[in-house]
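Below is one structure, written out as structure tokens; comments come after it.
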Amino acid sequence: MTTAQPQPRLSLRNISKRFPGVLANDRVCLNLYPGEIHAMLGENGAGKSTLMKMIYGVMKPDEGEIYWQGGAVDIAEPAQARALGIGMVFQHFALFETLTVTENIALSLPAQEARDLKALGRRIREVSERYGMALEPDRLVHSLSIGARQRVEIVRCLIQDIKLLILDEPTSVLTPQEVEGLFKTLNQLAAEGCSILFISHKLNEVRALCHNATILRGGRVTGECKPVEESAHSIARMMVGEDTPLSTTYEKREGGDDFLVVRDLSLKSLDPFGTRLKNINLRVRKGEIVGIAGVAGNGQDELLAALSGERLGENAGQICVPAGRIALLPPLQRRIQGLAFVPEERLGRGAVPDMSLAENGLLTAFGAGLVKKGLVNWGRTRDFAQSIVDDFKVKCSGIDASAKSLSGGNLQKFIIGREIRQKPSLLLAAHPTWGVDIGAAVAIHKALIELRDAGTAILIVSEDIDELFEISDRICAICHGELSPLKAVSDTNIGEVGRWMTGDFDVVQDAGPTQGESHV
Amino acid sequence: MFKVEKRPVESRLMGYLSPVLAAVLTLVSGALLFLLLGQSPLEGLYTFFVMPLSDLYGLSELGVKAAPILLCAMGLAVCYRAKVWNIGAEGQLLFGALIGSWAALQLLQVEGAWVLPLVLLAGALGGMFWGLIPALLRTHFNTNEILTTIMLNYIALNVLLYGVHGPLKDPDGYNFPESALFSESTLLPTLLDGTRVHIGVLFALLAVAVVWVLLSRTFIGFQIRVLGLDSRAAHYAGYNEKRLVIFVLMLCGGLAGLAGVLEVTGPIGQLVPQVSPGYGYAAIIVAFLGRLHPVGILLASLLMALVYMGGEMVQIELGLPQALTGLFQGMLLLYLLACDFLIHYRIRLGGRATASVAAPVSEGA
């Protein structure tokens, strides 16, 4: 291993995986060396996750071989992968909120190691200190921030003798400051010889962290590069191909009169581990986009539920639109007042998985002349869905395709199209481009900007700060159920919003229209 | 050991074939059953499934038996589409029969064309009321409708028994627990002379059409389907779940109540303790056997009616116990559930439950 030609730790040779109707991986080859941080880049549906799942033993390849430290292996299940020294941190954590950090980690260990929780706690502290990841072994997981939960997942991998760490979009849930900390840890791990596979679509991060990158498109390797030597733009080109437009800059707007006015909105969460909203004050003007940044779980869901009417307020004046006080109105009444809502979960809330696109168009657009005297006009309903599919370039086999057959990005285009087509006067959108590929994200951004220019008040909640800076006119952040000051995007910067995201709302000099003063 | 795992893709074809497969398996098991009972399997099956339909009267009886099952099953299908698990069609049927009978007994001396519609309406309203109870319990107290509807079945039966033993008992009936015979103007006209087939069959067919239109053409039917497929989407879109729950349970109650009053004003002609040989329960099987689709349910209700008649026929012809009816119903349901389960899941032999522990993990770090 110390020769000039080191042996790859992991070598994939012509891996193919077929799903009904799709070739998810097509003869993918990859070499990963000890101490290498390797990025897997690609749009949604490019086959990154499938490939990772095969390495981690969740799925089996149809064709091709996996070599581990020079020998062919057949990884049948995650336990076997772990035994080889492969660890994976998934995008969605698998932690029990009512257990402590130590107990959670013990659950994934073989019985003989898990028995002595005290010793395990010491080891957790040891490992977390060595890699600069602050972690209290006895804390209950529900009291941890998202960043800390991710550290639990990483420590869970490190506590065993790890040789390859796979991270699936690890930074999507972190504040900019937390991202820096994570990168330090990963660099240290790599310096000690651990190989890291880093899945992401944030190109600047990949350029800052990774030694090499493999780019997948449509299940095939379409490029390999050294990210430092490329620009974010040139990598993006490799990911999306030649003809997809990349992001553009949009003109910022001032907006007109206030449309949505939220006054002193405080609400307890119904979820015992949810976040309580504290004294939210917010104004959204006609013809502007207001962005709310923040790490997931800081009250975004509760705020959106209160605004959409899925959760009713305590007194009517908490939420007002020009037509009246709406905090006590159910969702249907608010829709009639011109509200439209793009929820975070596309499948299973924004769209009914087992219904066709035509039916999913009707789901919320019933007010747009699709229903007459209680009867559904299926002809018009189908035309409506077809026009969304055409205008928003939704890739699908037709409007009779079920919602669950669409990729996340295409379904999101459909849902946003459906809401925009109703010509709302207020649009709420949660994570509009989360997990959506670049091409679709650009299309969604353009649609939102057009809607703004037509005079709609738009409120966007997102974890992606770059996106918020790109499309918002004014921006604020939410932390522990409190809202930071709201500032015009041109008057602030990513660093300040990053601090707001951690609850540091200080240094408010200018007298903005809202006051959200608070302490750390 | 066995290991059950979800199939990656579910076969749509098998989804439709599953009821057919269940019926075939029931026949095969039925043949075995006859063999064990010391009968020729072929003769047994012939007696059970073919002989009842060998003449016009048999065919007309099929209609008589299928009508109440069909009415209940249509109502249940609407509930089940909304994932409201109403098990209470039996109770709703009995309560409809009770209220309808009460109305008919009030109108014993009255003549007129409006009398019968009034009696039928009373029965339907009775069933609706019985469906409204679990609906309100669910929407206001968050009770589980499976439990409340089952309990209400027994309550309805006992209220009916109280009726025939008490206030509704025929004063000239030698103390039998039966009501007086209904007057001519409260009895259903028959469709064919010499048979018992009555216009209730037409009501049942009308219900098929109405439910079909409801589910496929109306917005409330669409809301019902959304609620059943994805209640979070229904909530997000602003559909009123409480109203929908009340609607489906009252609709089912109304149809079941109508089935009940059609029984007492049709083939029976008075209120008796045994209004229903479990039609409301059989309708649950029928609704699922028919894949909750109006046409499927129509066919399934005919099959279920035949099972009832076959049970009687083997009792008469071969001297076998009538419990065979229940057995055949049970087998049908069991096989259907089994087939459905195997469409969604597959069973693997030799699970590796111990493998994950066996994998060695190097100590250190």
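These values consider heavy atoms only, across backbone and side chains, with no hydrogens, waters or symmetry-generated copies. Bear in mind the structure is a predicted one, so any value in this text is a computation, not a measurement.
With a 4.5 Å cut-off on non-hydrogen atoms, B:S231 does not touch chain A at all. Residue contact with chain B, scored on non-hydrogen atoms closer than 4.5 Å, is absent for A:E192. Contact of A:V352 with chain B is made through backbone and side chain together, with heavy-atom distances under 4.5 Å. Within the 4.5 angstrom heavy-atom criterion, only side-chain atoms of A:R418, from C-beta onward, approach chain B. Using a 4.5 Å cut-off between heavy atoms, A:A305 makes no contact with chain B at all. Heavy-atom distances place both the backbone and the side chain of A:R349 under 4.5 Å from chain B. Neither the backbone nor the side chain of A:L109 comes within less than 4.5 Å of any heavy atom in chain B.
Closest approach of B:V226 and A:L363 over heavy atoms only: CG1-CD1, 3.6 Å. Of all heavy-atom pairs spanning B:G238 and A:P331, the tightest one is CA-CB, 3.7 Å. Nearest heavy atom pair, residue A:G348 against residue B:R232, reads O-CB, 3.3 Å.
Note: B:R217 CZ to A:W378 CH2 = 8.0 Å, rounded to the nearest 0.5 Å. B:D230 contributes atom CG, which lies 8.0 Å from atom CG of A:L347 (distance to the nearest 0.5 angstrom). Rounding to the nearest 0.5 Å places CD of B:Q223 at 9.0 Å from CG of A:L362. With rounding to the nearest 0.5 Å, the separation of CG in B:L229 from CD in A:E359 is 8.5 Å.
Residue B:F341 qualifies as enclosed at atom CZ: its count of foreign heavy atoms under 6.0 Å is above 12. Within a 6.0 Å sphere centred on CH2 of B:W212, heavy atoms belonging to other residues, nucleotides or ligands number 12 at most. Atom CZ of A:R311 sits in a crowded spot, with more than 12 heavy atoms from other residues, nucleotides or ligands closer than 6.0 Å.
If you tally non-hydrogen atom pairs under 4.5 Å between each of A:Q333, A:M355, A:R334 and chain B, the highest count goes to A:M355.
Side-chain contact between A:T364 and B:Y236 is present, with heavy atoms from C-beta onward closer than 4.5 Å. The shortest distance between side-chain heavy atoms of A:K373 and B:F219 does not fall below 4.5 Å.
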